[in-house]
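Note sheet for the following structure.
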Amino acid sequence: MEPLQIEQLSTRTPAVSAHEILAGFAPTYRFGEVSFDSYRPDPAHPSQAAAVKALREFAAGIGDGGSSGGFLGKLFGKKKSESRAGIYLDGGFGVGKTHLLASLWHAAPGPKAFGTFVEYTNLVGALSFRKTVEALSGYKLVCIDEFELDDPGDTVLMSRLMRELADAGVKLAATSNTLPGSLGEGRFAAVDFQREIQVLADQFEVIRVDGEDFRHRGLPAAPEPVRPADLSSRMREEFEGRTVAVDDFSSLIAHLAGVHPSRYRALLDGVEAVVWRDVTTLTEQAVALRFVVLADRLYDKDVPILASGVSFDQLFTPEMMTGGYQKKYFRAVSRLTALAREAQQQPVGA
């Protein structure tokens, strides 16, 4: 067995080109090989099968000339399928929206992009708005997972980006961003989405995906943090033979402030596990939002976490967990908890 290789995220300063950033806009390994055929619609919820059918038809129209002619062409085209700029999948947690969106991406011809709402806003921050439009205007399909409505500035930015891409003939597809347990009124975000994207709203076909919300009971209990005295031995037991990034939590937080979020994926290159010493509750909104992006990239790469300090359900303040960005924080806690559980389930020497 190879020895443990120790690195530090807090000493990494990745340099990433625009081409490399764009190359990362593809489904993560969790959805790297999904398809419409691998999606299993629940017979108790006919909307799931209807969504698959609609997305298959949408995919078939991408790149066949139906997306040419720009925005005005979509408005006045003869066929309804040609007039649609995009599709919006609306539904709760656990119904397979990301699976369906990734299946659309796999089925469509390239060039094409797949990323979360936050990844696109970070792309604009890294490249500039105009260069982002120029880079994506030549794509046939742009998929936006978890379209967020909690930050007015970012929502306006994405609405403008989508309008310009639609005008360039790019097909668009997006999914809703919903909280665990958001049932009934407020669960479905289609009305809010259509209001926010304004003039483009009529060009989106809204597809409601019903189903059981497997996470409706709220956040899973976070595992107990590792005792500081046990952290080193636990790391060697759980992650033997792996490349592990070991950082003091405070040093990592300070380092993230100097690394653009668009580079967080590259920050984790080659890292197979992370260990954080003395995790503390984040009290500043800007710091917390940056950390949410890192949590998403760790989850994308399925990187297990061992940590001492406070448990992940105490990572954000109560005010944050009930405030305007609560969806981001709930998602981060849920994902970090899953990665912490994964670390504690690793077979020794795996």
Side-chain angles (χ1 to χ4, degrees), residues 2-12 14 28-31 116 118-119 180 215 218-257 259 261 263-283 287-317 320-321 328-350:
E2 296 181 2
L4 196 72
Q5 182 175 337
I6 305 295
E7 298 201 11
Q8 288 181 289
L9 295 180
S10 55
T11 61
R12 291 184 165 196
T28 65
Y29 92 98
R30 295 174 184 273
F31 300 99
T116 64
V118 172
E119 286 181 292
R215 286 165 278 189
L219 292 173
E224 288 295 317
V226 179
R227 293 194 313 160
D230 297 337
L231 197 57
S232 181
S233 60
R234 284 289 303 279
M235 173 181 69
R236 297 185 184 282
E237 290 174 1
E238 304 290 358
F239 303 142
E240 183 180 358
R242 300 186 183 194
T243 299
V244 184
V246 182
D247 291 273
D248 291 327
F249 191 71
S250 59
S251 297
L252 175 61
I253 292 301
H255 183 64
L256 291 178
V259 180
R263 299 180 178 182
Y264 286 5
R265 190 187 304 276
L267 186 71
L268 298 172
D269 280 351
V271 172
E272 298 173 288
V274 298
V275 175
W276 294 330
R277 293 185 291 252
D278 195 21
V279 173
T280 56
T281 300
L282 302 175
T283 58
V287 173
L289 290 172
R290 275 196 298 270
F291 197 77
V292 166
V293 179
L294 181 65
D296 286 341
R297 299 295 79 77
L298 287 165
Y299 186 77
D300 288 346
K301 291 176 174 285
D302 197 25
V303 178
I305 302 169
L306 279 179
S308 65
V310 303
S311 62
F312 289 137
D313 56 6
Q314 299 176 49
L315 184 60
F316 306 108
T317 66
M320 290 177 181
M321 296 299 289
K328 297 184 196 300
Y329 297 136
F330 266 86
R331 183 179 74 233
V333 172
S334 177
R335 290 181 167 183
L336 291 169
T337 296
L339 295 174
R341 288 184 175 280
E342 182 176 326
Q344 297 191 16
Q345 294 172 0
Q346 295 289 330
V348 175

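For this chain, numbers begin at 1 and follow the sequence in order.
The minimum heavy-atom distance between A266 and P14, with the atom names listed, is CB-CB, 3.8 Å. For the residue pair L231 and S308, the shortest heavy atom distance occurs at CD2-OG, 3.9 Å. Taking each heavy atom of S10 and S251 in turn, the nearest pair found is CB-O, 4.0 Å. Among all heavy-atom pairs drawn from G241 and E272, the shortest one is O-OE1, 4.5 Å. Looking at every heavy atom in both residues, F239 comes nearest to V244 through CB-CG2, 3.7 Å.
Between the OG1 atom in T337 and the CD1 atom in I305 there is a gap of 9.0 Å [rounded to 0.5 Å]. From L4, atom CG reaches atom OG of S232 across 8.5 Å, with rounding to the nearest 0.5 Å.
Exactly one residue among F316, F249, F312 makes a ring pair (Phe, Tyr, Trp, His ring centres under 6.0 Å) with F291. That residue is F249.
Proximity of a side-chain donor or acceptor of E342 to a complementary backbone N or O of P304 within less than 3.5 Å is not detected. Looking only at distances, no side-chain donor or acceptor of T281 sits under 3.5 Å from a matching main-chain atom of T317. Of the possible polar contacts, none joining the S334 side chain to the F330 backbone as a donor-acceptor pair under 3.5 Å is found. Of the possible donor and acceptor atoms, none in the side chain of D300 sits under 3.5 Å from a partner among the backbone N and O of T28. A donor-acceptor pair under 3.5 Å is formed between the side chain of R30 and the backbone N or O of Y299.
S250 and D248 share no side-chain donor-acceptor pair at under 3.5 Å.
Ion pair D269/R12 not flagged as a salt bridge, since none of the NZ, NE, NH1 or NH2 atoms sits closer than 4.0 Å to an Asp/Glu carboxylate oxygen.
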Stepwise side chain to side chain contact (heavy atoms under 4.5 Å, CB included) check, M235 with V226 = CA-CA 10 Å; M235 173 181 69; V226 179; over 6 Å; no
